[in-house]
Amino acid sequence: MCRGLDLLPVTCLERAKELKALFGNLLHKSDHSIPVQPQKIVTQSVGEHVKWQDSFEKLLSSQNGLCLFRAFLMSEFSEENIAFYLACEDYRTLKPSKMAPKAKQIFDEFISEDAPREVNLDHVTKAITKENVEHPTQSCFDLAQAKIYTLMEKDCYPRFLKSLNQKSGLSDFVKNCPVNGRQM
């Protein structure tokens, strides 16, 4: 029987969390894949990536930028952040009659304690979001989404830009860019 997690080295626990996230991503087909034509990414992105350095918002507003950023996050085992962000964007466009089941689905997939693609949110934000999901409105995920946006902007985005500036960064992410929901 299991003697308890406290007996395992920290590195084992970290690796287990990475594997859980990886398998969670494989088991849950994302509704938020970004259809892109790969041959266009290479030619457009080389010039576009200069614009992406201006702001995180410009990166996310570009279909190619979003695709490459997502591929970058996948390489860092943190793709759940952009998937959550995009799920929240889609949620805002729903009709009120469809909000309750979708809010529960998003909460269960990304925020709940045993979420397969859990995003990194503090306890207070999780509690507020859980309360909001019980009475879903168009803005029930706003606080959580803003926290994840800030996390990506301050942490992942600078590393993404640095990797693009490296010699092979852009081509590395192009080959990992999802096309119609599939890896190339």
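Keep in mind it's a predicted model, so treat the numbers as computed, not measured. Counting from 1, the numbers follow the sequence of the chain as shown.
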* Please indicate whether E57 has more than 12 foreign heavy atoms, meaning atoms of other residues, nucleotides or ligands, lying under 6.0 Å from its CD. =>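 No.
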* To do: Please list, chain by chain and in numerical order, all residues satisfying side chain to side chain donor-acceptor pair (under 3.5 Å) with S112, sequence neighbours excluded.
  =>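 Side chain to side chain donor-acceptor pair (under 3.5 Å) check on S112 returns nothing, list empty.
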With the side chain counted from C-beta on, respond yes when [X] and [Y] share a heavy-atom pair under 4.5 Å apart, and no when they do not.
{"X": "E79", "Y": "R117", "value": "yes"}
{"X": "D122", "Y": "K147", "value": "yes"}
{"X": "F110", "Y": "C88", "value": "no"}
{"X": "D90", "Y": "K102", "value": "no"}
{"X": "C140", "Y": "T137", "value": "yes"}
{"X": "I148", "Y": "L121", "value": "yes"}
{"X": "L66", "Y": "L86", "value": "yes"}
{"X": "I82", "Y": "L60", "value": "yes"}

[X] side chain to [Y] backbone, donor-acceptor under 3.5 Å:
{"X": "Q145", "Y": "Y85", "answer": "yes"}
{"X": "Y157", "Y": "F69", "answer": "no"}
{"X": "S163", "Y": "F160", "answer": "yes"}

* **Among F56, F84, F141, ring pair (Phe, Tyr, Trp, His ring centres under 6.0 Å) partner for Y149** =>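 Of F56, F84, F141, ring pair (Phe, Tyr, Trp, His ring centres under 6.0 Å) with Y149 is met by F56 alone.
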* Does the distance from a Lys or Arg side-chain N to an Asp or Glu carboxylate O, for E118 and K126, drop under 4.0 Å? ->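 Here E118 pairs with K126 in a salt bridge, since their nearest N and O are under 4.0 Å apart.
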* Could you tell me the separation between the CE atom of M74 and the CD atom of E80, rounded to the nearest 0.5 Å? =>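 The CD atom of E80 is 11.0 Å from CE of M74, to the nearest 0.5 Å.
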